[in-house]
Amino acid sequence: MSDPAAINTTLNSPQRQYPLERTRNFGICAHIDAGKTTTTERILFYTGLIHKIGDVDDGNTVTDWMEQEKERGITITSAAVTSFWTQKKDAGIHKNFEGIAHRINIIDTPGHVDFTAEVERSMRVLDGAVAVFCGVAGVQPQSETVWRQATKYKVPRIAFVNKMDRTGANFDNALSDMRKKLGAYAFPIFLNIGAEEKFAGVIDVVNQKAIIWGEGDLTNEGLKYEVTEIPAAHQERAQAALAELIDAVSNKDDSIAELVLEEKPITVPVLKAAIRRLTCKIELIPVLCGTAFKKKGIQVLIDAVVDYLPSPLDIPPAQGMVPDTEDTLEVPPNDNSKFCSLAFKLWTDPYAGKLVFFRVYSGQLKKGDSIYNPRTRKRERVSRLMVIQGSERKDVDSVYSGDIAALVGLRNITTGDTLCNEDFDIALEPPTFPEPVISMAIEPKSKADQDKMSQGLQRLAEEDPTFRCFTNEETGQLIIAGMGELHLEIIRDRLKREFSVEADAGAPQIAYRETITKPAEGEGKFIRQSGGRGQYGHAIIDVEPNEKGKGVEIVNKVVGGTIPKEYIPAVHSGIEEAIKSGVYAGFQVIDIKVSIKDGSFHEVDSNELAFKMAGIFALKDAFAQAGPILLEPIMKVEATTPDEYQGDILGDINRRRGMIQGVDAKNGQTVLTAQVPLAEMFGYATAIRSLSKGRASYSMEPLNFEQVPNSVLTTVMDAAKKRPAARS
Ligand code: GDP
């Protein structure tokens with residue numbers, strides 16, 4: 001654990017302005033509407049980046065770049081914004097900390113499960129997080145999902161109970177919710193003074209002081225506050241909270257336990273340093289409260305980010321792999337090592353063009369340097385580097401380990417690429433993205449917009465690894481596929497706003513897949529010989545099931561020129577086309593091996609088109625005899641419910657063809673895990689709410705593809721036949 005006041009000069013380049021120790025990369029994660037955007041906004045205000053406080057309701061906030069986000073008030077794109085914070089006197093763990101600026105990079109994370117890719121990729125690059133909860137609603141279902149994701153990516157957290165000014169706000173309830181529902185070892189470091197319209201300030205538990213905010217307009221420095229003695233009415237509660245905090249810390253930290261045992265005094269810096277150690281190890285969650293909207297509690301929240309969330313030096317180093325040997329390699333932060341970074345976000349900025357957001361793990365990068373991409377084995381020259389500060393895009397000359405910045409104008413980079421020095425062959429573990437599970441047909445309202453729409457969709461697909469678009473070869477329709485209905489709706493909105501294309505879409509469809517269960521042979525002939533020049537193509541192929549997840553393999557085993565060499569690619573492309581548009585029910589075929597083995601040709605009539613058709617027919621013929629089956633996306637569902645509704649929820653999951661994987665007691669509730677076909681999950685949010693009087697919550701994520709059972713096959717096939725346009 002680094003001492004935040006001491007600068008390690010062997011790790012830090014002398015040129016950099018903000019040493020690693022004073023860098024914080026953190027995200028703000030929350031349930032939609034808990035106040036993430038407002039909190040981000042207030043942080044940017046108090047750190048001096050924006051001089052007019054933006055309110056979400058006015059639609060002029062800084063991190064919500066996209067129009068439709070402003071309308072919806074949900075933050076879809078993880079914006080990385082850089083800011084700076086200088087702690088005031090009396091704050092900070094160490095005395096010599098005062099007056100020293102920290103660089104804080106805020107990575108905004110979305111709260112909706114449809115945007116898994118966004119959450120996953122931002123979790124991968126942030127070192128810590130502020131989890132924002134609503135002081136009225138407490139822990140909501142999606143805060144649980146995001147919390148679990150943060151746990152999966154081992155992200156240390158502090159919790160901010162927001163909206164303390166709202167009617168019904170209750171800090172103690174929110175805290176006990178966190179303990180019960182999230183199993184969090186959570187303890188207040190700032191307690192509320194009053195609630196609802198009487199929320200006046202907070203009690204600094206560690207320092208045993210009160211912080212009271214003034215009312216009225218904001219000055220350029222922000223809402224003024226006073227540090228005072230704790231009002232008599234709150235003294236008992238404040239002392240109890242300190243005793244509880246010391247007890248909680250001493251349970252996990254030997255040095256504090258020793259002081260307690262020996263009945264020695266525990267000074268403020270010693271206690272704060274212990275809280276920091278435990279927070280960075282994810283063994284303790286410090287809890288604060290305030291109201292972002294009324295601008296109270298934000299300064300102490302930023303202090304807490306600096307005091308308790310890790311710098312890049314306080315977390316385990318990133319792991320990478322040497323592509324050729326598959327050896328694992330650690331990349332500890334150090335400006336003087338070789339350059340290594342991860343591209344975590346592509347973004348098309350209306351002013352600056354294509355930006356690649358990247359997180360530097362080691363080394364430094366200067367304008368004019370070259371970067372190497374081990375995936376493409378290509379080098380590119382860096383002509384422009386940029387950081388986003390508030391609403392401004394600021395050019396910088398160099399970036400250092402631990403920094404988050406954007407590259408401008410680079411071409412062949414996708415999300416998850418490692419960017420490094422050419423002599424540093426390493427691939428950082430990219431975030432993992434699930435296969436799309438839902439699709440719909442889409443067409444422009446005006447035919448003239450066809451090309452513009454295709455280009456737009458292609459660009460959006462480059463930015464978002466869980467979004468795909470392709471043409472259904474049979475119907476010629478464009479299909480878009482993604483992680484949920486909201487996800488695809490947003491894509492359509494973006495088409496309209498960023499590319500000026502209005503589009504109509506079909507009903508959402510489950511993205512089924514097809515495969516085979518046994519080997520078979522197939523023959524395809526395309527022969528037309530009615531006067532003049534005819535057509536002649538003839539191919540014989542073998543098909544067999546491929547290992548699950550291995551995809552499609554097509555090999556040429558033709559010997560003796562029964563199909564002339566120049567026609568093999570045509571047969572190949574015919575087979576590919578049939579695989580894409582499906583055979584059995586019109587869904588894409590996966591996990592199949594195809595060998596082109598024989599055929600015949602005609603000296604005059606043979607041509608590429610005829611052989612392509614022969615390929616299509618041969619695949620269809622073989623597929624029909626190879627025991628074709630339909631596969632459907634299966635979701636992993638986790639429902640948390642008070643015990644009394646367990647029976648009803650289990651029964652409902654069974655009716656939805658679900659398979660129960662586990663029933664566990666956790667923090668006084670029952671947690672049910674199950675695998676359920678996505679096709680059965682439409683309307684589940686409403687169902688679980690009414691089964692549990694609104695007290696159960698659930699989350700789901702795509703797991704894999706499984707065979708559609710015979711009992712429902714006819715229904716699925718009939719539905720598929722009725723809507724051939726929207727298959728994928
Ligand atoms: P996000 O979806 O988590 O980004 O939440 P927003 O920041 O967009 O806030 C959702 C709504 O709650 C908006 O109408 C905000 O004005 C409101 N809001 C945010 N913070 C507070 C707060 O501290 N108190 C009150 N009363 N309302 C708040």
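All of these numbers come straight from a predicted model, not from anything done at the bench. Read the numbers this way: they start at 1 and go in the same order the structure lists the ligands and their atoms.
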**Complete:** For Thr38, the ligand 1 atoms with a heavy-atom partner under 4.0 Å come out as 6 (P), 7 (O), 9 (O), 15 (C), 19 (C)
Are any of the N or O atoms of [X] closer than 3.5 Å to those of ligand 1?
{"X": "Ala30", "result": "no"}
{"X": "Arg166", "result": "no"}
{"X": "Asp33", "result": "yes"}
{"X": "Lys294", "result": "no"}
{"X": "Gly35", "result": "yes"}
{"X": "Gly290", "result": "no"}

**Message:** Test of understanding: with ring-ring contact (aromatic ring centres under 6.0 Å, His included), list the residues that count as partners of Tyr18, not counting sequence neighbours.
**Reply:** Phe84
**Request:** For a salt bridge (Lys or Arg N to Asp or Glu O under 4.0 Å) with Asp165, tell me which candidate from Lys296, Lys294, Lys198, Lys295 qualifies.
**Result:**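 Answer to the salt bridge (Lys or Arg N to Asp or Glu O under 4.0 Å) test with Asp165 among Lys296, Lys294, Lys198, Lys295: Lys294.
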**Prompt:** According to the interplanar angle, ranging from 0 to 90°, do the rings of Phe467 and His487 count as parallel (below 30°), tilted (30 to 60°) or perpendicular (above 60°)?
**Reply:** perpendicular
**Qualifying residue, where the test is side-chain contact (heavy atoms from CB on, under 4.5 Å) with Val360 and the options are Leu342, Val399, Ile404** =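 Testing each of Leu342, Val399, Ile404 against Val360, the sole residue satisfying side-chain contact (heavy atoms from CB on, under 4.5 Å) is Val399.
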**Asked** Ignoring hydrogens and geometry, is there a side-chain-to-backbone donor-acceptor pair from Arg24 to Asn105 under 3.5 Å?
**Response**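 A pair under 3.5 Å: no.
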**Request:** Have a look at ligand 1 and work out which part of Thr291, if any, has a heavy atom under 4.0 Å from it: side chain, backbone, both or neither.
**Result:**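 The answer is both.
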**Item:** For Lys154, all residues meeting side-chain hydrogen bond (donor to acceptor under 3.5 Å, both in side chains), sequence neighbours excluded
**Value:**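 Residues passing side-chain hydrogen bond (donor to acceptor under 3.5 Å, both in side chains) with Lys154: none at all.
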